[in-house]
> 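Here you go, one structure.
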Amino acid sequence: MALKGLLRASMAQVRVLNIDDSVHFYRDVLGLVEVGRAGDKVFFKGYDEFDHHTFAIRKADKPGLDFLAFKVSDNGYLDAFEAKTKAFGLPIETIAPNSDQPGYGKRLAVSLPNGHRIDLFVDVEQAKQTPGLHNPEVLPNGKLPVGCGCIAFDHALLFGPNSAQTVKYFREVLEMGLVEVLKAPDGNGDICSWLTGSNRPHDVAVLEFEQPGKVHHFAFKLEDWNHIGRCADFLTMNDVVIDAGPMRHGITRGYTIYFFDPSGNRVETFAGGYAYYPDMPTRVWDFDQVGKGIFYYSRRLQDNYLTVVT
Ligand SMILES: [Fe+2]
């Protein structure tokens, strides 16, 4: 087992305007499993995940992302990440076990230079409903999944200023791989970077943006292109506002649909993409090829892509 350190983007908490509409959307349409409720929050997981929950919604006045959490392999790495974060100069706080997230052990909350918060953690209880472990069926409990059948939390695209420093933190402190970059229009530096801690094609991407702490989208995983198509059918049957797709990205080579939750958060269902290994070189996109990088088939950057965020 060689995969150590930062394992994956494994949980996010998102702000929503209405709990009932959001539960219907995430549970009945996207097919996440509702794990429980506490106060103004509802907790979910994908059917193919083992952790207590991997997605939380919180009722608030404005949509957006409260934080993105990364699972770390062991406490030796967590302690090292804490020390290196302090040496890097970023604020870091300890969140007590079983406080705002049931089932979760100690988390370290880091304030990134782009205005986002990420949490780092090792310990989380196993969910009651997990994929089979003994002579398992391919589907949960031998039943077809609900709705779009999202199987796991996957990644997020974070917008904000100081993206070069943010990428430096992800690379130097959390030891993430830089998978792909989009160069700035003038060719000086990168305006978007895709990073991974695992062999997913990305766990997180960051784009240079004037306003801090904005989220472009967060994504849930589907198995393949067929499931992307079935998800698009199901979104349409449920009158979900589709932003783009079904389509393919040139960047990561993933299959994708972008759409909006009832609060206006952009959500993605994502499948495929190549497997990344730490010995791979970074793939580079020139800005005049951004249309092809994101909208591979139409090769045209959609007007709202870089401006509509929450
Ligand atoms: Fe994405």
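All residue numbers refer to positions in the sequence shown, counting from 1. Ligands are counted one by one from 1 in listed order, and the atoms in each one are counted from 1 as well.
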> I need the protein N, O or S atoms closer than 2.8 Å to the Fe ion (ligand 1), given as residue plus atom name.
H155 NE2, H217 NE2, E268 OE1

> Of all residues at least two apart in sequence or in a different chain, which pass the side-chain contact (heavy atoms from CB on, under 4.5 Å) check with L139?
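Testing L139 for side-chain contact (heavy atoms from CB on, under 4.5 Å), a comparison that skips the adjacent residues, returns Y47, L144, P145.
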
> As a test of understanding, state which of R8, E49, K45 forms a side-chain hydrogen bond (donor to acceptor under 3.5 Å, both in side chains) with T54.
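The side-chain hydrogen bond (donor to acceptor under 3.5 Å, both in side chains) with T54 is passed solely by E49 among R8, E49, K45.
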
> What I want to find out is whether D66 reaches R15 closely enough, with some N-O distance under 4.0 Å, to be called a salt bridge.
yes

> Run the side-chain hydrogen bond (donor to acceptor under 3.5 Å, both in side chains) check on H249 and E180 step by step: do they pass?
CA-CA 12 Å; H249 292 312; E180 305 210 23; over 6 Å; no

> Please determine whether side-chain hydrogen bond (donor to acceptor under 3.5 Å, both in side chains) holds for the pair Q101 and H53, giving the CA-CA distance in whole Å, both sets of side-chain angles, and the decisive distance to 0.1 Å.
CA-CA 9 Å; Q101 302 295 323; H53 65 273; 2.7 Å; yes

> If the threshold is 4.0 Å, N to carboxylate O, is there a salt bridge linking R107 and D100?
yes

